[in-house]
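A, B, ... follow the sequence lines: proteins, then strands. Residue 1 opens every chain. All heavy atoms count here, side chains included; hydrogens, waters and symmetry mates do not.
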Amino acid sequence: MVSLDNLIRLNQFEWEIPQSYRADMRVPVRIFATRQLLDEIKGDKSLDQAVNAATLPGLVSPVVVMPDVHQGYGFPIGGVAATRLPDGIISPGAIGYDINCGVRLLASQIEFPSVKNHLPDLADQLNRLCPSGVGKKGHLKLTIKELEKVCIEGSRWALKNGYASEADLRRTEEQGTLSGADPSKVSKRAKERGLMQLGTLGAGNHFIEVDVVDQVFNEKAANAMGLIPGNLAVMIHCGSRGFGHQICTDYVRDFQSAVKRYGIELPDRELVCAPLNSPEGKNYLAAMRCAANYAFANRQVLAHYARRAFEETLAGKVANWHLTQVYDIAHNMGKIETHEVGGNQVEVCVHRKGATRAFGPGFQGLPSEYSPFGQPVLVPGSMGTASWVLVGTTHSMQRSFGSSCHGAGRTMSRKKAKKSIWGEDLRKELQAQGIQIRAGSMAGLAEEAPQAYKDVDMVVETVHEAGIADKVARLKPVAVIKG
Amino acid sequence: MRKEITKIHPAPTSFRQWYTDTMDTKSATGYREIPHTADWELEVWAPNLLGLLEQAALGMYQLTGIVISSTPCVSHNLVLQLSEPETLLVDFLNELLFLCESEDIAFSEFDLWLDESHMHAQLRGAEIQSMEKEIKATTYHDLHIVETDQGLVARIVFDV
């Protein structure tokens with residue numbers, strides 16, 4: 001197991017596990033963390049999993065580990081790995097089962113004190129209109145043909161069908177549509193699973209949160225995003241549901257034999273991969289993009305119903321109940337991007353698993369109003385704690401393939417959480433703090449308790465001080481809807 | 001949930017030992033949850049691979065907090081291509097997860113057997129009355145079915 005003795009301190013916020021740590025490593029591991037966070041991180045297998053990830057063929061530079069890292073199932077959650085084109089690999093396990101799990105943030109001009117008394121009704125309406133929980137089906141039932149359109153068009157499908165505005169798409173990563181999606185590379189089973197779940201939240205750590213903008217650190221950027229202190233905002237955290245889970249399951253299964261065909265030896269079978277230029281690699285990339293587009297559309301449909309909940313609850317009670325999109329960004333994704341490697345501009349496949357793209361000011365593809373500040377990075381908290389809005393930096397392009405953290409990061413096992421925390425007690429405790437909780441499962445709520453997570457403020461302070469993202473605003477939850 | 005003794009049938013030579021070695025102590029089968037920071041980890045043990053599959057299914061259902069009617073009233077037949085044992089285990093559990101989501105059914109009785117190239121499963125269960133938590137997938141992470149003096153043991157990590 002990696003110990004602190006194996007780490008080289010690069011500076012106060014950066015550490016390295018050298019390539020010499022293990023013979024099969026192809027690159028070092030670069031960790032963004034304070035000494036205090038490292039003490040928490042070393043409590044599980046995160047760093048060993050990062051070392052395993054550093055054995056993947058075709059890596060162009062260090063595997064990057066974020067301060068919210070925690071142990072996953074192969075690749076650590078909070079990891080970034082970039083492989084060269086065309087012969088580097090793509091690994092479904094390094095992107096995750098919940099392809100394009102991500103976060104959407106909506107801002108409002110609603111002053112919290114003016115609607116405080118309506119908060120329980122608002123939480124009820126959000127809970128009613130945004131289906132959440134185990135296997136829940138949504139308001140939509142797609143045909144296979146329609147699903148295939150969602151796969152190809154993503155958020156644009158939502159726009160054509162009345163669930164989005166052009167303004168929403170402008171403020172979505174890749175405008176909510178990844179090109180190169182090919183539904184013929186998606187199994188029949190995955191499609192079956194996708195028919196009923198568009199516009200659903202799911203369970204686990206997914207949520208819809210009503211927040212109050214608590215503190216602003218970069219007034220100009222916050223203004224551009226419409227984040228005004230004291231006003232409400234809505235955060236939606238979910239992904240591609242059973243559709244994406246099945247695509248990953250199918251390709252992890254297929255790649256078990258692909259690695260043998262390509263003579264790839266790995267320390268963990270969940271890291272299976274195939275060369276990007278192989279038929280298997282190309283097929284997965286095309287299928288993964290279908291799931292990514294499904295997830296963009298999913299969050300868009302949920303945003304539509306969140307808007308309806310606001311309208312049904314607050315119309316006539318406040319002058320302007322509308323929700324405007326701040327941004328929508330993935331934190332489980334594989335993207336083909338151009339980065340500087342060894343002084344050259346190189347095309348790479350950036351695997352981000354539990355890590356958010358954090359491109360700096362001026363990059364092409366950002367809405368013009370965000371261009372001076374950098375791309376919004378949305379960092380959800382853990383029900384009772386803050387959520388954050390950051391922006392990417394130029395430094396992140398140099399040190400972390402334009403990536404930053406994605407959340408607080410778990411620190412307590414689910415087993416321990418459900419043993420030490422009683423869901424109903426937690427609900428009452430959060431309600432006493434003024435946070436409305438609507439949850440489908442008290443056991444599930446207990447596993448997601450704030451105590452099970454690292455201190456999100458400390459994680460954010462670390463990426464801010466390390467220079468891979470800058471603080472814009474801190475949000476405080478006042479209502480949480482969980483599956 | 002009622003537990004049936006898994007029937008053992010002839011298996012292809014390469015799998016024969018694991019599939020057919022039997023032990024006579026009932027305590028040689030079981031499962032327990034292992035702490036995992038983000039996901040769920042289950043340790044399962046049984047005298048043979050088919051028994052291990054059954055224990056893994058029961059443990060997985062327990063993790064999700066599934067409640068089904070105590071009287072089995074739904075049956076389902078599964079046929080899976082034989083592959084190496086770990087892959088068969090993952091395939092079997094993922095099939096059960098799919099049936100949870102698509103058909104709302106789970107199983108309490110498992111009759112598993114093999115022919116030359118396939119594993120057959122005759123499953124009996126009921127509609128799911130409630131389910132607390134969701135598993136996204138069964139993973140291959142650190143998955144090794146290990147032979148011990150007491151039988152076979154495996155640790156399975158589920159993405160949740």
Side-chain angles (χ1 to χ4, degrees), chain A residues 43-46 49 70-77 93 96-98 133-136 189 192-193 196-197 202-206 239 241-242 244-246 248-250 252-253 256-257 267-272 354 409-416 418-419 423 440-444 447 452 483, chain B residues 32-43 61-67 80-81 83-106 127-145 155-160:
Chain A
D44 69 17
K45 294 180 189 167
S46 312
Q49 292 183 345
H70 59 76
Q71 174 184 348
Y73 44 85
F75 200 86
I77 314 296
Y97 286 86
D98 198 2
V134 177
K136 268 278 178 351
R189 174 168 289 191
E192 270 177 45
R193 292 180 72 174
M196 303 286 282
Q197 292 186 334
N205 62 353
H206 295 159
R241 309 286 286 112
H245 308 167
Q246 188 64 48
C248 187
T249 297
D250 292 339
V252 167
R253 173 73 164 82
Q256 297 296 322
S257 49
D268 188 326
R269 292 177 66 180
E270 194 62 25
L271 291 173
V272 284
R410 288 191 70 93
T411 187
M412 185 192 287
S413 77
R414 291 182 180 275
K415 186 179 181 182
K416 190 174 174 189
K418 68 188 170 196
K419 203 172 170 184
S441 156
M442 285 300 126
E447 286 190 15
Chain B
R32 68 184 176 117
E33 186 183 355
I34 304 291
H36 186 289
T37 318
D39 297 303
W40 285 334
E41 188 165 357
L42 194 67
E43 185 174 79
Y61 286 148
Q62 179 154 321
L63 285 175
T64 60
I66 277 181
V67 177
L80 294 174
Q81 191 155 20
S83 46
E84 54 181 319
E86 285 87 355
T87 297
L88 184 66
L89 177 60
V90 171
D91 286 351
F92 179 62
L93 295 176
N94 280 337
E95 285 292 326
L96 298 184
L97 288 175
F98 175 68
L99 290 166
C100 277
E101 186 185 291
S102 62
E103 308 285 331
D104 272 335
I105 51 174
E127 276 191 20
I128 295 171
Q129 292 176 338
S130 64
M131 186 171 169
E132 285 182 342
K133 291 163 281 177
E134 186 174 61
I135 289 177
K136 290 174 189 162
T138 315
T139 78
Y140 286 87
H141 174 50
D142 263 344
L143 180 59
H144 305 285
I145 299 177
R155 284 192 174 191
I156 310 158
V157 175
F158 298 97
D159 182 21
V160 295

(message) Sort by residue number and list every residue of residues 89-97 of chain B having at least one heavy atom under 4.5 Å from chain A.
(response) B:D91, B:N94, B:E95
(message) For a 4.5 angstrom cut-off between non-hydrogen side-chain atoms, does A:R241 reach B:E134?
(response) yes
(request) Decide yes or no for B:Y140 and A:V252: does some side-chain heavy atom of the first lie under 4.5 Å from some side-chain heavy atom of the second? (result) yes
(message) Quick check on A:K45 against chain B: is it the side chain, the backbone, both or neither that has a heavy atom closer than 4.5 Å?
(response) side chain
(request) Let me know if A:T411 has heavy atoms under 4.5 Å from chain B in its side chain, its backbone, both or neither. (result) backbone
(message) Any heavy-atom pair between the side chains of B:D159 and A:H245 that's under 4.5 Å?
(response) no
(message) Which atoms of B:S102 are under 4.5 Å from chain A, going by heavy atoms: the side chain, the backbone, both sets, or neither?
(response) neither
(request) Give the minimum heavy-atom separation between A:V134 and B:M131, together with the two atoms involved. (result) CG1-SD, 3.5 Å
(message) Can you confirm whether B:H141 sits close enough to A:Q49 that some side-chain heavy atom of one is under 4.5 Å from a side-chain heavy atom of the other?
(response) yes
(request) Pick one of side chain, backbone, both or neither for B:S130, based on which atoms fall under 4.5 Å of a heavy atom in chain A. (result) neither
(message) Which heavy atom of A:Q71 sits nearest to which heavy atom of B:A38, and what is that distance?
(response) O-CB, 3.5 Å
(request) Would you indicate whether B:E127, at its atom CD, is surrounded by more than 12 heavy atoms from other residues, nucleotides or ligands within a distance under 6.0 Å? (result) no
(request) Under 4.5 Å heavy-atom distance to chain A, tell me which part of B:F98 shows up: side chain, backbone, both or neither. (result) side chain
(request) For chain B, find which of A:R253, A:Q256, A:R189, A:M412 contributes the most heavy-atom pairs closer than 4.5 angstrom. (result) A:R189
(request) Give the minimum heavy-atom separation between B:A137 and A:T249, together with the two atoms involved. (result) CB-OG1, 3.6 Å
(request) Hey, could you give me the OG1/NE2 distance between B:T37 and A:H70, rounded to the nearest 0.5 Å? (result) 7.5 Å
(message) So, taking the atom named NE2 in B:H36 and the one named CG in A:D44, what distance separates them when rounded to the nearest 0.5 Å?
(response) 8.0 Å
(message) Is any side-chain heavy atom of A:Y73 closer than 4.5 Å to one of B:K136?
(response) no
(request) Kindly compute the distance separating CD (B:E86) from CZ (A:R269), expressed to the nearest 0.5 Å. (result) 5.5 Å
(request) Among A:K419, A:K415, A:K418, A:R414, find the one that has a salt bridge (Lys or Arg N to Asp or Glu O under 4.0 Å) with B:E33. (result) A:K418
